[in-house]
Amino acid sequence: MSTRATPVTPVTPGGSVTPVTPITQVTPVTPATPATPDIPPGARRPRLNVGHESWDLIWSHVHRVLVVNLGVAVTNLPLLLALAAEHRPWRYPVFFGLLSLGAGPSLAAAFAYLRAAADDARAPVTTLFRGYRRLFTRALLAWTPCALLAAVAATDLATLGTTGPGSVLAPLLIVVTLVALSSGVVAMAALAEDIGLTRHTLLAASYASVRRWPLALLNLALLGVALVIVNQAPLLGLAAVPGCVLFVVWRDCGAMLEALGGGDARRANDERDPVESGTALRETGAHGLGIAERRD
């Protein structure tokens, strides 16, 4: 038979009894743990399995993009500083037009670096600046006529837009502006392939822009989006956008140039050794257009 202890009630000197409240035991609260899915015994958790070659390819592309971004920012530093100081550049067309002439050599240097990076995935940044110094004069001579023609056509379009003849001439002026800009970009890609600057270079670039006009419009659209992003967020835009966009533009320009001499190149490849087919394609396409390729 069990006995239970009776709590003692203390008595005060005055004779009054003070009740004692029994102490209750505090039960600890166990924190709730998040529910986890039932994993059968012996099963392995899924994980990202990327091989060494895949990681090397990813980091090589990141390295290439960062080098191009740095080169574009350094070679166009005067233009970027002017755009940061003046938010309405169209009010000073002559000043910003002169600064924009430096974009041609910058594009040629970026394309030359991408061409070198196709053979050496970790080409150093000095390759880009050496290409800029080597191609500066020829790129400036090829870019200036295209930039001036596009500027004149855009000015005429803005001036005649509200007049009677403007509605008739507007489509022609728009086409001239687009072809001039695309021809300049394609000419920079041709110079990056060590093709000499001759009187046929710009004609070949213009013909390529008209013949492969979907790629030409895609290139201009990508470049326009890149300019808008850089203008709205300069630091973030320069850190991520130019290298990716110029890589796509460079590949498109290569396809446009190869398409010009495609027929002659294929006939030449049939008569050559298969190992030399890639070299024959580029050489036949270049000489078929009347573009003299420089030999070191």
Side-chain angles (χ1 to χ4, degrees), residues 65 68-73 75-111 114 139 142-159 161 170-190 192 202 205-206 208-257:
V65 169
V68 172
N69 293 344
L70 177 63
V72 170
T75 54
N76 291 285
L77 188 59
L79 179 60
L80 295 175
L81 292 177
L83 289 175
E86 177 57 48
H87 299 286
R88 291 177 293 181
W90 56 87
R91 299 182 59 182
Y92 308 96
V94 177
F95 176 72
F96 283 94
L98 293 176
L99 290 179
S100 65
L101 295 180
S106 177
L107 284 177
F111 292 154
L114 292 174
W143 179 260
T144 301
C146 299
L148 291 179
L149 180 59
V152 171
T155 303
D156 291 342
L157 180 63
T159 304
L172 175 62
L173 294 175
I174 293 175
V175 171
V176 170
T177 303
L178 296 177
V179 171
L181 293 176
S182 178
S183 300
V185 176
V186 175
M188 297 303 101
L202 294 180
S206 302
S209 300
V210 174
R211 182 175 180 180
R212 301 298 298 272
W213 60 269
L215 291 179
L217 292 180
L218 176 61
N219 290 343
L220 295 179
L222 290 175
L223 292 174
V225 171
L227 288 176
V228 172
I229 294 176
V230 171
N231 185 43
Q232 297 297 324
L235 294 179
L236 182 60
L238 288 174
V241 175
C244 299
V245 170
L246 291 181
F247 179 78
V248 177
V249 172
W250 171 66
R251 296 298 297 267
D252 290 346
C253 291
M256 294 167 68
L257 291 172

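Along the sequence shown, the residues carry numbers beginning at 1. We use all heavy atoms of the structure for the numbers below, so side chains are in, but hydrogens, waters and symmetry mates are not.
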Under 3.5 Å, which donor-acceptor pairs link side chains of residues 176-188 to any protein atom two or more places apart or in another chain?
residue: T177; atom: OG1; partner: L173; partner atom: O; Å: 2.8
residue: S182; atom: OG; partner: S209; partner atom: OG; Å: 2.9
residue: S183; atom: OG; partner: V179; partner atom: O; Å: 2.6
residue: S183; atom: OG; partner: S206; partner atom: OG; Å: 3.0

Exercise. Measure the spacing between CG of N231 and CG of L80 and express it to the nearest 0.5 Å.
Key: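 N231 CG to L80 CG: 10.0 Å, rounded to 0.5 Å.
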Self-check item: Interatomic spacing from SG in C253 to CH2 in W250 - rounded to 0.5 Å
Solution: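 The SG atom of C253 sits 10.5 Å away from the CH2 atom of W250.
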For [X] and [Y], work out which heavy atoms get closest and say how close.
X    : Y    : answer
M256 : A216 : CE-CB, 4.1 Å
L114 : L246 : CD1-O, 3.7 Å
A240 : V65  : O-CG1, 4.1 Å
I229 : V241 : CG2-CG2, 3.7 Å
V245 : A226 : CG2-CB, 4.0 Å
N69  : G243 : OD1-N, 2.6 Å

Self-check item: L222 and L218, any side-chain heavy atoms less than 4.5 Å apart
Solution: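 L218 vs L222: side chains touch.
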Self-check item: Heavy-atom check, side chain of T155 versus side chain of P93, under 4.5 Å
Solution: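 Side chain of T155 against side chain of P93, heavy atoms only: no contact under 4.5 Å found.
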For residues 99-107, which side-chain N or O atoms pair as donor and acceptor with protein atoms under 3.5 Å away, sequence neighbours left out?
residue: S100; atom: OG; partner: F96; partner atom: O; Å: 3.4
residue: S100; atom: OG; partner: G97; partner atom: O; Å: 2.6
residue: S106; atom: OG; partner: T75; partner atom: OG1; Å: 2.9
residue: S106; atom: OG; partner: N76; partner atom: ND2; Å: 2.9

Practice problem: Only pairs at least two apart or in different chains count here, so list each side-chain hydrogen bond (donor to acceptor under 3.5 Å, both in side chains) that has a residue in residues 79-89. | Solution: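 Residue pairs with at least one partner in residues 79-89: there are none.
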